[in-house]
Q: 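One structure follows; several queries about it will come next.
Sequential numbering from 1 along the given sequence is applied to the chain's residues.
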Amino acid sequence: MLPVQTFPETPIELTIERLGQRGEGVASWQGRTVFVPGAFPGDLVRVQLEQQGKVIRGLLREVVTPGKDRRPSPCARSAECGGCDWLELAEPAQRAAKQEIVLSTLEHLGRLPRDRFTVRPLLVAPKDFGYRRRAVLHFAKGALAFFGRRSHEKVPVSECGALTPVLATLPGKLAPLLKPLSKDAEEVHLLAEGSKAAFAVMLTGPVTARHVEATEAAVRALRLEGAVLVPKEGSPRLVGKPALRSLSPLRPEVPLYLRPDSFAQAHAEANVGLVTAALYELAPRETDSVLELYSGNGNFTFPLAATAGSVLGVESSPVGVELAQRSAREGGVANVRFIQGDARKVCEGLLGEGKRFELCLADPPRTGAPGLARQVSALGVKRVVYVACDPASLARDAAGLVEEGYKPLALQVVDMFPQTHHVEAVMSFER
């Protein structure tokens, strides 16, 4: 039985050495690692130590001496809001930290030393503030709120400088209009495309006439494009025209549709860089058949289809598939096909049919793509490009690909989420 760790009753001073994978400052105390949320490299801080599960965390009481990259926060709510945890860290330091976090996670969790593949320079986001075109909020005593830092405590917001201009003041305007359905709602999703905006309400039960009436009134009053009411079970109820028309990255002749109850990349401008990086690494040719797993609304699909022989997109979300099929129809893209279903089960079905693919692009959710290596290997895939929003999931799945005989080729880190520790990465493998 492990001895119980005892900590000083009063705060102690620590120097922050680096940033951890979850964006926390990392320090050492008596040979143990201490994670300090809100602290940055070079900071001399006073913290109260406490055990949280298997790790030691230092609750930040005071920044005694700030590190060279610390700055005043431009947001008055940053100390409590969980949305932007790196607002007090200068952008050059944010970018360097993100590159290092992905590389060190690949080394320590994936056993992939950085000298085994090409490390490309980080892609910098075109906008550092006012870039987020989607947001998830929660009701809190008549207001809309974000979750607090590393908690489910709700922080009411009337406006947010991280959001695009059309969304920035929407939380404060929308909250009173949606009061009639606030007790029946789990989340409110905001979405913007250019100057147009829509929202979705995730309900705890069925859609009622009262919900529809309040939603219609909100759409009219705020001159929004539309809204979606998503019941706990059954089909969503559309109000107005909530599917916002965008343009496919690198293929402006193909429309790309976004809906607030479906996934979309938060940074529209940085998304172009992300798609460009993925296509560069995959390098599809007109003789190649491409398997795209977790294809969403077709964000990568249509740029891929411009040079590939064919693309088969696999997506579990019915809304994502519906939007992608609409884009294909309206854009006249004939060499794409979409299957709605679980990626693992669909791959098993394709294998049973004797299907083969030269290339695979996978863009899984934060949990990653367990079993991906075996699936693509069995389907004859020669090159894999993995788009990751979580370094740990990338490291685990990259290790699986290497075990299956794939060689890591290159890593491209993309700063999709300035002012936060979140990061996107594109990694290629070949055999």
Q: So that I can tick it off, tell me whether E91 and R71 are bridged by a salt bridge, with the cut-off set at under 4.0 angstrom between side-chain N and carboxylate O.
A: yes

Q: Would you find a donor on one side and an acceptor on the other, under 3.5 Å apart, between the side chain of K154 and the backbone of F139?
A: yes

Q: Using side-chain heavy atoms (C-beta onward) and a distance below 4.5 Å, is P408 in contact with V402?
A: yes

Q: Can a donor-acceptor pair be found, under 3.5 Å and without considering hydrogens, that links the side chain of S182 to the backbone of G142?
A: no

Q: How about E159 and T169: does a side-chain donor come under 3.5 Å of a side-chain acceptor?
A: no

Q: Could you tell me if R326 sits above the aromatic ring of Y257, with its cationic atom closer than 6.0 Å to the ring centre and no more than 45 degrees from the axis?
A: yes

Q: With a 3.5 Å cut-off and sequence neighbours excluded, list the donor-acceptor pairs that the side chains of residues 345-353 form with protein atoms.
A:
unit_1, atom_1, unit_2, atom_2, d
E348, OE2, R344, NH1, 3.0

Q: How many angstroms lie between CD in E292 and OG1 in T301, if you round to the nearest 0.5 Å?
A: 3.5 Å

Q: Ignoring hydrogens and geometry, is there a side-chain-to-backbone donor-acceptor pair from R132 to L167 under 3.5 Å?
A: no

Q: Run the salt-bridge test on D288 and K382 with the 4.0 Å N-O cut-off and return the result as yes or no.
A: no

Q: Okay, side chain of E216, backbone of V239: is any donor-acceptor separation there less than 3.5 Å?
A: no

Q: If the threshold is 4.0 Å, N to carboxylate O, is there a salt bridge linking E430 and K407?
A: no

Q: Could you tell me whether a side-chain N or O of H189 sits under 3.5 Å from a main-chain N or O of M202, the two making a donor and an acceptor?
A: no

Q: May I ask you to decide whether E80 forms a salt bridge with R77, counting only side-chain N to carboxylate O separations under 4.0 Å?
A: yes

Q: Just checking, is any N or O donor in the side chain of S78 or E88 under 3.5 Å from an acceptor N or O on the other one?
A: no

Q: Not counting sequence neighbours, which residues clear side-chain hydrogen bond (donor to acceptor under 3.5 Å, both in side chains) with Q412? List them please.
A: none

Q: Does any part of the side chain of E315, heavy atoms only, come nearer than 4.5 Å to the side chain of F263, both counted from C-beta?
A: no

Q: Between R57 and E24, is there a salt bridge with N-O shorter than 4.0 Å?
A: yes

Q: Do S310 side-chain atoms and N335 backbone N/O form a donor-acceptor pair below 3.5 Å?
A: no

Q: Is K98 reaching over with its side chain to a backbone N or O of T420, donor-acceptor style, under 3.5 angstrom?
A: yes

Q: Under 4.0 Å between a Lys/Arg side-chain N and an Asp/Glu carboxylate O for E403 and R374?
A: no

Q: Under 4.0 Å between a Lys/Arg side-chain N and an Asp/Glu carboxylate O for R133 and E193?
A: yes

Q: Nearest 0.5 Å, please: how far is CG in L361 from OH in Y386?
A: 11.5 Å

